[in-house]
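Bear in mind the structure is a predicted one, so any value in this text is a computation, not a measurement. Below, each value reflects all heavy atoms present in this structure, side chains not excepted, and no hydrogens, waters or symmetry copies. Residue numbers begin at 1 in each chain, while the letters A, B, ... track the order of the sequences.
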Protein chains: 2
Amino acid sequence: MHSMDSTDAALLALLQSDGRLSAAELGRRVNLSQPAVSARIHRLEQAGVITGYRASVDPAKLGLNIHAVIRLRTTHAQIPTALAMFDKLAEITNTYRLTGEDCFLLDVHAGSAERLERIVDTVARLGPVTTSLVLRAYPPKAVTSPQQQ
Amino acid sequence: MHSMDSTDAALLALLQSDGRLSAAELGRRVNLSQPAVSARIHRLEQAGVITGYRASVDPAKLGLNIHAVIRLRTTHAQIPTALAMFDKLAEITNTYRLTGEDCFLLDVHAGSAERLERIVDTVARLGPVTTSLVLRAYPPKAVTSPQQQ
DNA sequence: CTTGAAAATAGACACCA
DNA sequence: TGGTGTCTATTTTCAAG
């Protein structure tokens, strides 16, 4: 865990909403010079607080109009098999392993009901699945340090 | 939906893994000149395919060692109330509205079991909840256009 | 879309508070 | 740690082919 002050927290919040803000621009917003901001960001990266920068893509704009979540109940022995399977299915963009009955939670972005059906059928070979359509994904919030809350 | 070729798809994949790649660097990887890459990215942004750029943060490094998902069953009438509640709880970083029994799926990053308990108790005022701990979140995969699959 | 040049900007460094 | 000033590297934008 990293020792954070409120300036670091502000920088993290800003970079989570716009990962392309320059050090100079960040400095303007948190009242710090560009080199000071650069140094802080470098420290946050080195410490593993910032793990990377990613572009966000709208799946629907790529024709992936169906967003679903699948819960899978499987056995402990099948976990490696399951992970290999998820890896091969490009429509599965997110995988959580959960407590409970050896459960996985998967995000699926599919281009058609037929594609979704195929994914569900494939995953269901490993155990019982529960599939729900995502009617709406609300904009994610920034992860903030506990002090801020 | 946006008309995409394989170069656009490659650019999207690269930017999803590193949102700070420069146009020149992207051009080197997809064999395109830097201005051509800039133009394509601009088009993808204008078309809403690229919705933004975000820094990824490791919640554990901020002391948020507990990652849980909460499913909530509530009534249709309480949906606005629920959304307002989720908005106020900083530990809830992600909200999906699901089909099925008026259900929400929430991601929670909490600093302690006590904090998680408080979140669960708060959310549970709206209806029955199921809470699971996330033992492991696998690295998300890039969203890719159907042609690539 | 490419090349080439110009203008703008960002990031890195040294030095001082 | 942070601020200022500067220098360099890099980026983006624009013109022309």
Exercise. Are the side chain of Gln16(B) and the backbone N or O of Val143(B) linked by a donor-acceptor pair below 3.5 Å?
Worked result: yes
Exercise. CG of Asn31(A) versus P of dT4(D): gap in Å, rounded?
Worked result: 11 Å
Problem set entry | Atom pair distance, as rounded to whole Å: OH in Tyr53(B) and C1' in dT11(D) | 14 Å
Exercise. In whole angstroms, how far is the C1' atom of dA10(C) from the CZ atom of Arg28(A)?
Worked result: 11 Å
Exercise. Rounding to a whole Å, what distance do you find between Leu32(A):CG and dT4(D):P?
Worked result: 10 Å
Problem set entry | Heavy-atom side-chain proximity of Tyr96(A) to Leu135(B) below 4.5 angstrom | no
Problem set entry | side-chain hydrogen bond (donor to acceptor under 3.5 Å, both in side chains) pairs, two or more places apart, involving residues 128-142 of chain B | none
Exercise. Looking at five pairs on each end of the helix from dC1(C)-dG17(D) to dA17(C)-dT1(D), what is the angle between the two axes, given to 10 degrees?
Worked result: 30°
Exercise. What is the distance from CD1 of Ile41(A) to C1' of dA12(C), rounded to the nearest Å?
Worked result: 14 Å
Problem set entry | Any donor-acceptor N/O pair, Thr51(B) side chain to Gly48(B) backbone, under 3.5 Å | no
Exercise. Roughly, in whole Å, what's the span from NE2 in His42(A) to C1' in dG2(D)?
Worked result: 18 Å
For this session: Evaluate the side-chain proximity of Met4(A) to Leu12(A): yes if any heavy-atom separation is below 4.5 Å, no if none is.
Result: yes
Exercise. What nucleotide, of dC1(C), dG2(D), dG3(D), holds the atom closest to the side chain of Arg40(A)?
Worked result: dG2(D)
For this session: Might you confirm whether atom CZ of Arg20(B) has over 12 heavy atoms from other residues, nucleotides or ligands at distances under 6.0 Å?
Result: yes
Exercise. In B/S/- notation, 5' to 3', how is nucleotides 12-17 of chain D contacted by protein heavy atoms closer than 4.0 Å?
Worked result: BBB---
For this session: For Ser56(A) and Tyr53(B), indicate whether the former's side chain and the latter's backbone hold a donor-acceptor pair under 3.5 Å.
Result: no
Exercise. Between atom CE of Met85(A) and atom CG of Asp87(A), what is the distance when rounded to the nearest 0.5 Å?
Worked result: 12.0 Å
